[in-house]
**Student:** 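Before I ask anything, let me first share the structure, which is written out below as structure tokens.
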Protein chains: 2
Amino acid sequence: MRKDAVHNRERLLRAARSLFADRGLDVPLEEIARTAGVSIGTLYNRFPTRQALVEAVFEDRTATVARLAEEALTADDAWEGFVAFLTGVCELQAADLGYNDVAVRGAAGGDPAGGYSLMRRIVDRAHASGQLRADVTLEDMAFVTWGIAATVRATFRVAPGAWRRHLALTLDGLRASSASQTRPLPAPPLTREQTALLMPECG
Amino acid sequence: MRKDAVHNRERLLRAARSLFADRGLDVPLEEIARTAGVSIGTLYNRFPTRQALVEAVFEDRTATVARLAEEALTADDAWEGFVAFLTGVCELQAADLGYNDVAVRGAAGGDPAGGYSLMRRIVDRAHASGQLRADVTLEDMAFVTWGIAATVRATFRVAPGAWRRHLALTLDGLRASSASQTRPLPAPPLTREQTALLMPECG
DNA sequence: AACGAAGGTGAGGCGCCTCTCAGGTTACGG
DNA sequence: CCGTAACCTGAGAGGCGCCTCACCTTCGTT
């Protein structure tokens with residue numbers, strides 16, 4: 001690739017990163033090109049589809065999630081690791097409206113550097129320590145993601161940080177002590193296949 | 001109003017109700033008119049803005065919510081009433097993608113027939129019975145709404161009913177027994193003003 | 001029956017966004 | 001320094017959805 005092409009690619013990524021973060025994934029491509037100081041044609045040269053641009057912009061996030069997961073596994077307490085991981089992921093969503101969209105729409109593509117199997121280990125460890133309720137599965141983590149993402153979107157202008165309250169309430173519902181002993185949960189967990197369909201990046 | 005106008009108005013409402021339910025609030029107005037067998041001009045005659053149409057379509061829902069709230073207040077057990085109310089509201093969202101949008105975007109306009117003060121009574125009653133955790137407020141109900149709505153949207157094609165599992169987990173987090181005694185929640189509840197801003201129909 | 005007002009119609013203007021392509025420009029190996 | 005392949009450009013075609021308005025039809029009243 002010629003070096004001016006590389007240069008333009010980077011300018012486009014910088015512009016897209018910033019606009020996606022502020023306004024979500026639906027920013028007009030023309031605006032991204034203009035912000036990057038490049039023509040719309042160049043944008044299409046570098047990124048033939050919007051999807052390609054989105055994937056390039058959020059490529060680093062998958063590594064970040066993997067790092068969060070690894071840190072969580074080294075936490076002294078399994079539950080604290082579990083909480084730290086989910087908090088970290090939600091912080092990413094709160095800091096970047098574009099990534100928030102990615103999380104909700106499953107638009108990232110590609111497995112997050114083995115994030116899925118790391119997450120499984122976090123969940124297993126929290127189960128083993130007896131602090132995560134036994135009837136909760138890895139697939140239920142999607143509920144946390146979707147729920148907190150929605151609260152972030154609803155409140156980020158008016159009450160940034162409010163999602164932390166929602167997350168705390170959600171996490172309390174996942175503690176072993178919160179299980180409603182009387183009756184089982186009213187629906188089965190999502191299957192692995194369903195999760196793969198809904199969040200391709202976790203397949 | 002002339003009777004052909006009334007007739008067309010009803011055809012438009014029927015078409016909009018059906019399309020909104022299946023595809024959400026962003027259906028093209030032209031398509032609604034076409035489905036109703038009426039011209040786009042007529043749609044604009046009856047409903048000068050999209051907002052007006054949406055409000056007319058979902059007018060009945062506010063009464064439904066009020067009815068749910070009243071039923072909840074007559075339940076033998078305060079907690080069961082509380083759960084029944086939230087379940088009912090979520091069922092409305094799960095049954096109609098348009099109403100789901102309304103709930104998330106706060107696009108309904110108008111107080112739901114005093115639904116807000118009824119909800120307050122449901123929450124107060126659940127507090128009084130000692131079953132709803134004390135550090136949860138009426139405003140926190142918005143988290144439930146947003147969260148379940150998001151899960152409904154994500155799963156309704158692939159796993160309809162999965163939201164019930166999410167709701168059950170969420171509700172378990174709201175039980176008094178789930179309060180993490182050690183530390184307070186990490187963020188204050190939304191203020192009444194913030195809630196009014198975010199969900200105008202609850203102002 | 002006749003008339004005025006209310007209502008219906010749909011082509012077309014507008015704005016927004018996506019995507020293409022013919023023509024001009026630049027990098028870089030030889 | 002030259003030639004060519006890679007690259008950049010931006011006008012414009014095309015699609016979509018919103019909304020208006022001049023013209024015609026129908027209702028309902030007298």
**Student:** Identify, between A/Gly41 and A/Asp26, the residue whose nearest nucleotide on DNA chain C lies closer to the 5' end.
**Tutor:** A/Asp26
**Student:** Rounded to whole Å, how long is the line connecting atom OH of B/Tyr44 with atom C1' of D/dA22?
**Tutor:** 18 Å
**Student:** Rounded to the nearest 0.5 Å, how far apart are CG of B/Asp140 and CG of B/Asp135?
**Tutor:** 8.0 Å
**Student:** Side chains of A/Leu169 and B/Thr170, heavy atoms from C-beta outward: is any pair under 4.5 Å?
**Tutor:** no
**Student:** Roughly how many Å is it from CD1 in B/Ile32 to P in D/dC19, rounded to a whole number?
**Tutor:** 12 Å
**Student:** Figure out the CE/C1' separation between B/Met1 and D/dT26, and round it to whole Å.
**Tutor:**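 So the two atoms are 15 Å apart, to the nearest Å.
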**Student:** Check this for me: A/Arg121, atom CZ, are more than 12 non-hydrogen atoms of other residues, nucleotides or ligands nearer than 6.0 Å?
**Tutor:**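 Atom CZ in A/Arg121 is not crowded, with 12 or fewer foreign heavy atoms closer than 6.0 Å.
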**Student:** Looking at D/dC8, D/dT26, D/dT20, which one has an atom nearest to any side-chain atom of A/Ala5?
**Tutor:** D/dC8
**Student:** Please state how far atom CD in A/Gln51 lies from atom P in C/dC19, giving the value in whole angstrom units.
**Tutor:**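 Those two atoms, CD and P, are 12 Å apart.
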**Student:** For the pair made of CD in A/Glu31 and P in C/dC17, what is the distance, rounded to whole Å?
**Tutor:** 8 Å
**Student:** Between A/Asn8 and B/Pro28, just flag the one whose closest nucleotide in DNA chain D comes earlier from the 5' side.
**Tutor:**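 Nearest nucleotide further toward 5': that of A/Asn8.
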**Student:** How long is the line joining CZ of B/Arg11 and C1' of C/dG8, in whole Å?
**Tutor:** 13 Å
**Student:** Where each residue is assigned the nucleotide of DNA chain C containing its nearest heavy atom, which of A/Asp4 and B/Thr42 is assigned the position nearer the 5′ end?
**Tutor:** B/Thr42
**Student:** For a quick test of reading the model: is some side-chain N or O of B/Arg50 closer than 4.0 Å to OP1 or OP2 of D/dC18?
**Tutor:** yes
**Student:** Without decimals, in angstroms, what is the distance between B/Lys3 NZ and D/dC27 C1'?
**Tutor:** 8 Å
**Student:** Can you figure out which of D/dC19, C/dT26, D/dT26 approaches the side chain of B/Leu29 most closely?
**Tutor:**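 Among the listed nucleotides, the one closest to the side chain of B/Leu29 is D/dC19.
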**Student:** Would you say the side-chain atoms of B/Ser129 and B/Gln131 include a donor-acceptor pair closer than 3.5 Å?
**Tutor:** yes
**Student:** Round to a whole Å and report the spacing from NE2 of B/His7 to P of D/dC27.
**Tutor:** 12 Å
**Student:** Counting heavy atoms from C-beta on, name the nucleotide in C/dG8, C/dT20, D/dC18 closest to the side chain of A/Ile40.
**Tutor:** C/dT20
**Student:** At under 4.0 Å between heavy atoms, what does B/Arg46 touch on the DNA or RNA strands: base, sugar-phosphate, or nothing?
**Tutor:**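 Sugar-phosphate contact only - B/Arg46 comes under 4.0 Å of backbone atoms but never of a base.
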**Student:** Around atom CD of B/Glu91, are there more than 12 heavy atoms of other residues, nucleotides or ligands at under 6.0 Å?
**Tutor:** yes
**Student:** Counting any heavy atom closer than 4.0 Å, what does B/Asn45 reach on the DNA or RNA strands: base, sugar-phosphate only, or nothing?
**Tutor:** base
